[in-house]
Amino acid sequence: MKNDSNYLFGVASGKLREKAIKLHTERYMEVGFFDKDEQDPYRDDSVYFISQCRSTEEVVGVTRLIFGKLDKLPTLHNFRIYDLEKARLAQLEGYRYAELSAFTKLSAHDVALGLIKTVFHYSEKSGITHWVCCVDERVFNYMNRVFKFPFRKIGDPKVYLGSNSIPCVLILEDILATIQVERVPLYEYFVDRQSRYLEVGQQ
């Protein structure tokens with residue numbers, strides 16, 4: 001959070017979207033999540049978000065929201081989801097949910113929370129209330145312990161993309177309610193609306 005002034009965060013379009021996809025693909029290939037010639041079936045249904053270094057204009061972090069029918073989202077397609085959780089999600093209007101995915105960054109840049117905040121603000125403006133995701137078990141435990149993120153487990157864990165992962169849902173209002181009590185500085189950071197959004201479509 002201290003270093004946010006060194007970066008721009010925002011929705012990626014045009015050439016910036018291409019750079020976001022390139023970073024996501026290269027990083028996932030490096031760790032063996034993608035094969036060399038593998039096609040990403042979710043690219044066209046995604047909105048990408050990036051962090052860009054102010055001094056070099058390099059794209060150093062990326063994540064995305066995947067939109068589509070509930071049962072076509074990666075987590076619901078690849079994990080066994082509990083019937084009750086599936087029924088809860090099915091009650092939501094289609095624009096209320098999206099899958100948070102493709103989270104990656106260059107190791108030298110501390111931009112993870114800035115990216116999450118950017119997606120959070122975009123979601124608020126768009127009416128999205130629920131993020132579906134599958135989270136590496138170690139990240140799940142870390143985010144719960146350190147940042148008090150209220151992940152709700154919605155299915156059976158399994159090895160997915162190379163690690164033991166947990167299918168989850170995050171409800172945006174629950175995030176704010178929890179960190180307002182448990183992590184006040186993080187809450188103040190999230191509700192600060194002075195985000196340094198990139199000008200969409202300018203590059």
Inter- and intrachain pairs under side chain to side chain donor-acceptor pair (under 3.5 Å), touching residues 138-147, at least two apart: Asp136-Arg138
Step-by-step side-chain contact (heavy atoms from CB on, under 4.5 Å) determination, Lys72 to Tyr42: CA-CA 10 Å; Lys72 301 297 184 184; Tyr42 303 105; 5.8 Å; no
Partners meeting ring-ring contact (aromatic ring centres under 6.0 Å, His included) with Tyr48 (sequence neighbours left out): none
Shared hydrophobic cluster for Phe120 and Val184 (ILVMFWY, side-chain gaps under 4.5 Å): no
Residues which pass ring-ring contact (aromatic ring centres under 6.0 Å, His included) with Phe103, listed by chain and number, not counting sequence neighbours: none
Pair Phe9-Phe49, ring-ring contact (aromatic ring centres under 6.0 Å, His included): steps then yes or no: CA-CA 7 Å; Phe9 298 90; Phe49 304 83; over 10 Å; no
Any Ser101 side-chain heavy atom under 4.5 Å of Thr63 side chain: no
Leu113 reachable from Val62 in the ILVMFWY side-chain graph, under 4.5 Å edges: yes
Point-to-point distance, once rounded to the nearest 0.5 Å, from CD of Glu173 to OG1 of Thr178: 10.0 Å
Spacing of Glu137 atom CD and Ile166 atom CD1 [to the nearest 0.5 Å]: 5.0 Å
Results of ring-ring contact (aromatic ring centres under 6.0 Å, His included) for Phe149 - residues two or more places apart only: none
4.5 Å side-chain heavy-atom contact, Ile50 and Lys19: no
Sub-4.5 Å side-chain heavy-atom contact between Tyr95 and Ser126: no
Working for side-chain contact (heavy atoms from CB on, under 4.5 Å), residues Leu106 and Leu23: CA-CA 9 Å; Leu106 299 181; Leu23 176 60; 3.8 Å; yes
Between CZ on residue Arg43 and CG on residue Asp40, distance to nearest 0.5 Å: 5.5 Å
Hphob cluster co-occupancy, Phe147 + Val191, side-chain heavy atoms under 4.5 angstrom: yes
Rounded distance [0.5 Å steps], CG in Leu100 versus SG in Cys168: 11.0 Å
Note, His121 side chain near Ile116 side chain (heavy atom, < 4.5 Å): no
Minimum-distance pair of heavy atoms, taken over all atoms of Gln52 and Leu16: NE2-CD2, 3.8 Å
Residue pairs passing the salt bridge (charged side-chain N to carboxylate O under 4.0 Å, His left out) test where at least one lies in residues 151-163, sequence neighbours excluded: Arg80-Asp156, Glu85-Arg152
Minimum heavy-atom distance between Asn164 and Val159, given as atom pair plus value: OD1-N, 4.0 Å
Ser123: side chain to side chain contact (heavy atoms under 4.5 Å, CB included) partners, not counting sequence neighbours: Leu65, Val119, Ile128, Trp131, Leu172
ILVMFWY network linking Leu70 to Leu92, side-chain heavy atoms under 4.5 angstrom: yes
Which atom of Gly114 lies closest to which atom of Tyr189, heavy atoms considered: CA-OH, 3.1 Å
Straight-line distance of Ser13 OG to Glu18 CD, nearest 0.5 Å: 10.5 Å
Asp174: partners by salt bridge (charged side-chain N to carboxylate O under 4.0 Å, His left out), with sequence neighbours left out: none
Minimum side-chain heavy-atom gap Val47-Arg17 below 4.5 Å: no
Beyond-backbone contact of Val169 with Tyr97, side-chain heavy atoms, under 4.5 angstrom: no
Sequence neighbours excluded, every pair satisfying salt bridge (charged side-chain N to carboxylate O under 4.0 Å, His left out) that has a member inside residues 96-109: none
Partners passing side chain to side chain contact (heavy atoms under 4.5 Å, CB included) against Asp71 (at least two apart in sequence or in another chain): Lys69
Heavy-atom side-chain proximity of Ser165 to Phe79 below 4.5 angstrom: yes
Co-membership, hydrophobic cluster, residues Ile171 and Phe190, 4.5 Å side-chain: no
Least distance between heavy atoms, Arg54 atom then Leu8 atom: NH2-CD2, 3.6 Å
Over all atoms of both residues, closest heavy-atom pair of Leu73 and Gly68: CD2-N, 4.2 Å
Those residues that, when tested against Gln180, pass side chain to side chain contact (heavy atoms under 4.5 Å, CB included) (two or more places apart): Tyr187
Heavy-atom check, side chain of Tyr122 versus side chain of Val11, under 4.5 Å: yes
Nearest-0.5 Å distance that lies between atom CD1 in Ile21 and atom CZ in Arg64: 8.5 Å
side-chain contact (heavy atoms from CB on, under 4.5 Å) assessment of Val135 paired with Met143: CA-CA 10 Å; Val135 186; Met143 293 295 287; 5.8 Å; no
Distance-minimising heavy-atom pair for Ile66 and Ser46: CG1-OG, 3.4 Å
By ring-ring contact (aromatic ring centres under 6.0 Å, His included) - contacts of His109 (at least two apart): Tyr7
Residue pair Ile154, Leu89: steps toward the side-chain contact (heavy atoms from CB on, under 4.5 Å) verdict: CA-CA 10 Å; Ile154 60 172; Leu89 290 169; 4.2 Å; yes
Residues that Lys22 engages under side chain to side chain contact (heavy atoms under 4.5 Å, CB included), provided they are two or more places apart: Glu26
